[in-house]
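We use all heavy atoms of the structure for the numbers below, so side chains are in, but hydrogens, waters and symmetry mates are not. A, B, ... follow the sequence lines: proteins, then strands. Residue 1 opens every chain.
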Amino acid sequence: MHIPDGFINAPVAVTTGAVAVAVVVVAVKMTNKKIGEKQVPMMGVLAAFIFAAQMLNFPVVGGTSGHFLGAALAAILLGPWSSVLIMSAVLVVQCLIFQDGGLLALGANITNMGIVASFSSYYVYKGIDVLLKHGKTGMLVGAGVGAWFSVVIASLLCAAELSMSGTSPWGIALVAMGGIHVIIGIGEGLITAAVLSLIMATRADLLKLQVA
Amino acid sequence: MKAKWWIAGLTIALLLAIISPLASTFPDGLEKVSEDLGFIDRASEAAYGLMPDYAFPGVENKAVATILAGILGTLVMLGLGFGVAYVLKKKNEA
């Protein structure tokens with residue numbers, strides 16, 4: 001879902017760029033307040049894992065592929081603000097070193113896949129976790145559904161940005177982007193729940209590192 | 001004894017980078033939509049290219065180029081994530 005340059009116009013690029021900068025500044029402050037010794041290696045390993053996992057596109061339907069995003073996993077493990085920092089770091093490196101995602105579209109990509117994906121997945125996860133009374137099932141179901149939701153909502157926001165830029169008509173862009181990401185999101189949900197269940201089985205203490 | 005969990009995590013990430021040539025070459029969701037709806041031509045080339053398409057420069061073998069780019073990117077991310085967290089933690093203690 002990395003938007004290349006040319007898909008969005010200047011007003012959309014500037015607006016999303018401003019949103020991205022403002023939220024990342026807050027994320028730095030929020031993370032700085034609570035981060036401790038234990039979170040440092042987790043941020044490094046999560047950033048590395050998310051980058052590597054994003055390279056592995058998996059085929060879905062009709063000659064389309066999807067790949068893991070990772071915002072939900074980071075938000076559940078470290079909290080949404082730290083997740084914004086991790087996702088932004090991944091997106092900046094993908095943009096600057098690998099030319100994946102446009103330079104002028106970086107703000108939009110951070111807004112969609114960093115900010116909105118992190119917060120939406122986190123609150124869906126939290127809601128389901130509370131409903132299912134904080135059990136293991138609640139955590140894994142919440143993670144899966146939250147992760148699915150993060151991909152769908154990010155894709156709809158991406159479609160909205162394309163439409164606002166005059167690249168594609170609203171209805172068509174929303175249906176096309178939403179339609180394929182409803183399916184890609186299932187992969188996100190499964191991978192997120194699988195990674196969390198692996199951590200749960202091996203190092204359950206690492207599930208208690210949420211800072212911000 | 002507590003094993004170094006983060007070494008296990010990093011190993012998994014590097015293994016993913018090593019198998020990255022197996023990734024599907026189908027266009028991703030947005031790329032496919034841009035093809036189907038006919039706006040893919042609007043995409044402009046990057047102003048510069050360090051390692052476009054996750055290919056390490058100067059390596060003939062495509063799979064090897066992808067693996068090298070993947071390992072490099074994974075290590076860069078480890079350093080960057082660790083570095084940002086370390087600086088924020090230091091500021092926190094100050």
### Task
Quick one: closest heavy-atom pair of A:Met1 and B:Asp28, and the distance?
N-OD2, 2.9 Å

### Query
Any side-chain heavy-atom pair from A:Leu96 and B:Leu50 closer than 4.5 angstrom?
no

### Message
With a sphere of 6.0 Å drawn around CD of B:Glu35, does it hold more than 12 non-hydrogen atoms of other residues, nucleotides or ligands?
### Response
yes

### Message
Is the shortest side-chain heavy-atom distance between B:Leu88 and A:Leu85 below 4.5 Å?
### Response
yes

### Query
Above 12 or not: heavy atoms from other molecules or residues under 6.0 Å from CZ of A:Phe149?
no

#### Entry: Atom pair CE/CG of A:Met55 and B:Leu22 - distance to nearest 0.5 Å
11.0 Å

### Query
What part of A:Ile199 gets closer than 4.5 Å to chain B, counting heavy atoms only: side chain, backbone, both or neither?
neither

### Query
What pairs with B:Asp53 under salt bridge (charged side-chain N to carboxylate O under 4.0 Å, His left out), at least two apart in sequence or on another chain?
none

### Query
Between B:Ala85 and A:Met43, which heavy-atom pair has the shortest distance, and what is it?
CB-SD, 3.5 Å

## Note on the structure
Under 4.5 Å to a heavy atom of chain A? For B:Ile18 that would be neither

### Task
List in chain and number order the residues that pass ring pair (Phe, Tyr, Trp, His ring centres under 6.0 Å) with A:Phe7, two or more places apart in sequence or in another chain; answer none if no residue qualifies.
B:Phe39

### Message
Quick one, B:Leu16 and A:Leu56 - any side-chain contact, counting heavy atoms below 4.5 Å?
### Response
yes

### Query
Is there a donor-acceptor contact under 3.5 Å from the side chain of A:Ser65 to the main chain of B:Phe26?
yes

#### Entry: chain A neighbours within residues 57-72 of chain B, where any heavy atom lies under 4.5 Å away
B:Thr66, B:Ala69, B:Gly70

### Query
At a heavy-atom separation under 4.5 Å, does A:Val60 approach chain B through its side chain, its backbone, both, or neither?
neither

## Note on the structure
chain A shares the most heavy-atom pairs under 4.5 Å, among B:Ala8, B:Gly79, B:Pro21, B:Ala43, with B:Ala43

### Query
Are any of the side-chain heavy atoms of A:Met42 and B:Trp6 separated by less than 4.5 Å?
no

### Message
Just verifying a value: how many Å separate A:Met177 CE and B:Ser34 OG, rounded to the nearest 0.5 Å?
### Response
9.0 Å

### Query
Hey, is the main chain of B:Ala23 close enough, under 3.5 Å, to the side chain of A:Asn57 for a donor-acceptor pair?
no

### Message
So, using salt bridge (charged side-chain N to carboxylate O under 4.0 Å, His left out) as the criterion, who are the partners of B:Lys89 when residues are at least two apart?
### Response
A:Glu37, B:Glu93

### Query
If you take all heavy atoms of B:Pro27 and A:Gly63, which pair is closest and at what distance?
CD-O, 3.4 Å

### Considering all heavy atoms, the nearest B:Gly29-A:Ile180 contact
CA-CG2, 4.0 Å

## Note on the structure
Minimal heavy-atom distance between B:Leu30 and A:His2, with the atoms involved, is CD2-O, 3.6 Å

### Query
What part of A:Ile184 is in contact with chain B, defined as an atom under 4.5 angstrom from a non-hydrogen atom: side chain, backbone, both or neither?
side chain

### Message
Please find the pair of heavy atoms, one from B:Leu80 and one from A:Ala89, that lie closest to each other, and give the distance.
### Response
CD2-CB, 3.8 Å

### Task
Determine the option with the most heavy-atom pairs under 4.5 angstrom with chain A, choosing from B:Gly38, B:Pro52, B:Gly83.
B:Pro52

### Query
Counting only N and O atoms by type, is there a donor-acceptor contact under 3.5 Å from the side chain of B:Ser44 to the main-chain atoms of A:Asp5?
yes

### Task
Give, for atom NZ of B:Lys91 and atom OG1 of A:Thr31, the distance between the pair rounded to the nearest 0.5 Å.
10.5 Å

### Under 4.5 Å from any heavy atom of chain B - which part of A:Phe49
both

### Message
Taking the side chain as everything from C-beta on, heavy atoms only, tell me whether A:Ile50 gets closer than 4.5 Å to B:Met77.
### Response
no

### Query
In terms of heavy-atom pairs under 4.5 Å with chain A, which of B:Val33, B:Val84, B:Asp36 leads?
B:Val33

### Message
Are the side chains of A:Val40 and B:Phe82 in contact, using a 4.5 Å heavy-atom criterion?
### Response
yes

### Query
Side chains of A:Gln94 and B:Tyr54: closer than 4.5 Å at any heavy-atom pair?
yes

### Query
B:Asn92 side chain to A:Ile35 main-chain N or O, any donor-acceptor pair under 3.5 Å?
yes

